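Inspection log for the structure reproduced underneath, given as structure tokens.
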Amino acid sequence: MTSIIQHIRNRIGEHYSNGEVTAISRILITELLGFRDNAYFLKEKVTLTEEQQLQLNNALEQLCCHRPIQQILGYEYFCGLKFEVNESVLIPRPETQELVEWIVSESTGKEDILDIGTGSGCIAISLANRLPLCNVTAFDISPLALDTAKKNSIRNSCDIHLQQCDILSYQPEENLFDTIVSNPPYIKESEKEQMEANVLDWEPHIALFVPDTDPLLFYRTIAEKAVTMLKPQGKLYFEINRAHGNEVCEMLSTLGYTGIQLKKDFAGNDRMIRAIKKQ
């Protein structure tokens, strides 16, 4: 195993930090090659088959081009479930799991829920899995994303209603949902230069970026339409750009929402907001 780890380090070491190489090595050995965790940690002696060697070399070649390890594997774990990921959807992030947990903790267990900009379906499907008596709907503008979300709903045996929708032009109907959640595009165009290549070159820009001139575009649009779409006392949840937490809270207050709460993620960054529609 030591020789395999060294081979990985030699191939990708110039592209990643030591900590990243260690994490990637473990994922490659346990997830791609199928060895047990203790084989990795105990550095057990193993021999790769010709097929395993080809798989490893192919993965290392892609890693040198900064393709995310999750796309190379074709999946990522989120809230205990396995989700297909590809270049048409964002890779589920750990901090988004905290948003799901927050919603679950405040749920009655029998709501009508809408996820706007569902991507892989990770939020909607995780909520359907944790709250099986809820009716979950998921919107996305991308047919490719919706196709991925459908596959993930089948993979995880969760029944959700998927709908192609551009929320910027959507004409809302009244009192449809008890809960609306969204992790919309929130990275400003000017922040591209600070981003890692594995995100910038491989994940869908339509799901990442907003104009510098209007960084609250999706938050404001969704919040305005949610005033109509939410039932009385319905709840609106956002994952946010940590730089705009207070601005989003002020915008929600201006629109008449109450019970506005801004929460930090595990890293201590402002990351989630909940607001309640007036009676």
Side-chain angles (χ1 to χ4, degrees), residues 83-93 96 99-100 103 111-128 134-153 158-192 199-200 202-231 234-241 244 247-248 251-252 254-255 257 272-273 275 277:
F83 289 86
E84 176 182 327
V85 294
N86 50 55
E87 292 175 47
S88 68
V89 299
L90 293 183
I91 296 166
R93 265 64 172 184
T96 307
L99 178 62
V100 171
I103 296 169
E111 289 101 343
D112 293 308
I113 299 173
L114 171 64
D115 174 26
I116 298 175
T118 197
S120 67
C122 63
I123 292 176
I125 293 166
S126 297
L127 289 172
C134 289
N135 297 310
V136 182
T137 300
F139 287 176
D140 204 285
I141 191 174
S142 166
L144 293 176
L146 289 170
D147 182 62
T148 302
K150 182 177 181 179
K151 292 177 183 176
N152 283 324
S153 69
C158 289
D159 184 24
I160 63 173
H161 175 64
L162 293 162
Q163 181 178 333
Q164 186 175 4
C165 174
D166 178 357
I167 195 61
L168 297 180
S169 59
Y170 176 70
Q171 297 302 311
E173 299 179 54
E174 291 187 37
N175 301 334
L176 293 178
F177 301 102
D178 301 284
T179 300
I180 295 176
V181 56
S182 184
N183 178 16
Y186 61 62
I187 301 172
K188 292 184 288 189
E189 292 279 351
S190 60
E191 295 177 305
K192 283 183 179 180
V199 176
L200 191 59
W202 293 97
E203 296 196 69
H205 287 201
I206 193 173
L208 289 169
F209 297 108
V210 289
D212 283 22
T213 54
D214 194 3
L216 302 190
L217 172 62
F218 286 96
Y219 298 119
R220 185 180 63 256
T221 300
I222 292 169
E224 289 173 347
K225 296 184 179 186
V227 170
T228 299
M229 298 165 72
L230 283 170
K231 301 174 187 178
K235 295 177 180 177
L236 175 63
Y237 294 87
F238 283 132
E239 182 170 323
I240 62 162
N241 184 326
H244 296 292
E247 292 175 66
V248 175
M251 178 268 294
L252 291 167
T254 299
L255 289 173
Y257 287 91
M272 297 159 276
I273 289 176
K277 177 182 173 179

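Small disclaimer: the values here were computed from a predicted structure and weren't measured. Starting from 1, each residue takes its place in the sequence as its number. The figures that follow rest on heavy atoms only: side chains count, while hydrogens, waters and symmetry mates do not.
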Note to self: Checking Glu239 against Thr96: is there a side-chain donor and acceptor pair closer than 3.5 Å?
What the structure shows: yes

Margin query: Contact between Glu203 and Leu208 at the side-chain level, heavy atoms closer than 4.5 Å - yes or no?
Written below: yes

Next item on the list: Might you point out which heavy atoms bring Ile160 and Ser153 nearest each other, and give the distance in Å?
Entry: CG1-CB, 4.1 Å

Next item on the list: Enter the distance from Ile273:CD1 to Leu252:CG here, rounded to the nearest 0.5 Å.
Entry: 6.0 Å

Checklist line | Lys192 and Phe209, any side-chain heavy atoms less than 4.5 Å apart | finding: yes

Notebook entry, point to check: Can you find a heavy atom in the side chain of Leu168 that is under 4.5 Å from one in the side chain of Phe218?
Noted result: yes

Check: Would Ile103 and Thr179 satisfy side-chain contact (heavy atoms from CB on, under 4.5 Å), going step by step from the backbone distance to the final call?
Finding: CA-CA 9 Å; Ile103 296 169; Thr179 300; 4.3 Å; yes

Checklist line | Between OG1 on residue Thr137 and CZ on residue Phe177, distance to nearest 0.5 Å | finding: 4.5 Å

Check: Under 4.5 Å between any side-chain heavy atoms of Asp115 and Phe139, yes or no?
Finding: no

Next item on the list: Answer with yes or no whether the side chains of Ser120 and Asn152 bring together a donor and an acceptor at under 3.5 Å.
Entry: no

Next item on the list: Decide yes or no for His205 and Leu200: does some side-chain heavy atom of the first lie under 4.5 Å from some side-chain heavy atom of the second?
Entry: yes

Item checked: Straight-line distance of Ile180 CD1 to Lys231 NZ, nearest 0.5 Å -> 11.0 Å

Next item on the list: Verify whether one side chain among Thr148 and Asn86 offers a donor that lies under 3.5 Å from an acceptor in the other.
Entry: yes

Margin query: Before you tell me yes or no, could you show the steps for Glu191 and Asn241 under side-chain contact (heavy atoms from CB on, under 4.5 Å), namely the whole-Å CA-CA distance, both residues' side-chain angles and the distance that decides it to 0.1 Å?
Written below: CA-CA 11 Å; Glu191 295 177 305; Asn241 184 326; 3.7 Å; yes

Check: If you look only at pairs with a residue in residues 163-174, which of them pass as a side chain to side chain donor-acceptor pair (under 3.5 Å), with sequence neighbours excluded?
Finding: none

Note to self: Set out, in order, the CA-CA distance, both residues' side-chain angles and the distance that settles side-chain contact (heavy atoms from CB on, under 4.5 Å) for His244 and Ile240, then state yes or no.
What the structure shows: CA-CA 7 Å; His244 296 292; Ile240 62 162; over 6 Å; no

Next item on the list: Of all the heavy-atom pairs spanning Gly119 and Val89, show the shortest one and how long it is.
Entry: C-CG1, 3.6 Å

Notebook entry, point to check: If you look only at pairs with a residue in residues 136-146, which of them pass as a salt bridge (Lys or Arg N to Asp or Glu O under 4.0 Å), with sequence neighbours excluded?
Noted result: none

Next item on the list: First locate atom CZ of Arg93, then atom SG of Cys122, and finally report the distance between them rounded to the nearest 0.5 Å.
Entry: 10.0 Å

Margin query: For Asn135, is there any backbone N or O sitting under 3.5 Å from a side-chain donor or acceptor partner on His161?
Written below: no

Notebook entry, point to check: Atom CG of Leu127 and atom OH of Tyr237: how far apart are they, to the nearest 0.5 Å?
Noted result: 9.5 Å

Checklist line | Closest heavy-atom pair and its distance - Tyr257, Ala226 | finding: OH-CB, 3.3 Å

Checklist line | Test item: Met251 and Leu255 side chains (from C-beta on) under 4.5 Å apart, heavy atoms | finding: yes

Check: What pair of heavy atoms forms the shortest contact from Leu217 to Pro211, and how long is it?
Finding: CD2-CD, 4.4 Å

Note to self: Ignoring hydrogens, what is the shortest heavy-atom contact between Val85 and Pro92? Give both atom names and the distance.
What the structure shows: CG1-CD, 3.6 Å

Checklist line | Between CD1 on residue Ile206 and CG on residue Leu90, distance to nearest 0.5 Å | finding: 10.5 Å

Margin query: Between Phe238 and Ile222, does the side-chain contact (heavy atoms from CB on, under 4.5 Å) criterion hold? Intermediate values first, please.
Written below: CA-CA 10 Å; Phe238 283 132; Ile222 292 169; 3.7 Å; yes

Check: Taking NZ, NE, NH1 and NH2 as the nitrogens, is one of them in Asp212 or Lys188 under 4.0 Å from a carboxylate oxygen of the other?
Finding: no

Checklist line | Pair listing, side chain to side chain donor-acceptor pair (under 3.5 Å) test, anchored in residues 217-230, at least two apart | finding: Asp214-Arg220

Checklist line | Backbone of Asp112 reached by a side-chain donor or acceptor of Asp178 within 3.5 Å | finding: yes

Next item on the list: Quick one: closest heavy-atom pair of Pro204 and Glu87, and the distance?
Entry: CD-O, 3.5 Å

Next item on the list: Examine distances only and state if a side-chain atom of Ser182 and a backbone atom of Ile116 form a donor-acceptor pair shorter than 3.5 Å.
Entry: yes

Item checked: Main-chain N/O of Leu230 paired to Lys277 side chain as donor or acceptor, under 3.5 Å -> yes

Next item on the list: Using a 4.5 Å cut-off on heavy atoms from C-beta on, say whether the side chain of Thr118 contacts that of Ile125.
Entry: no

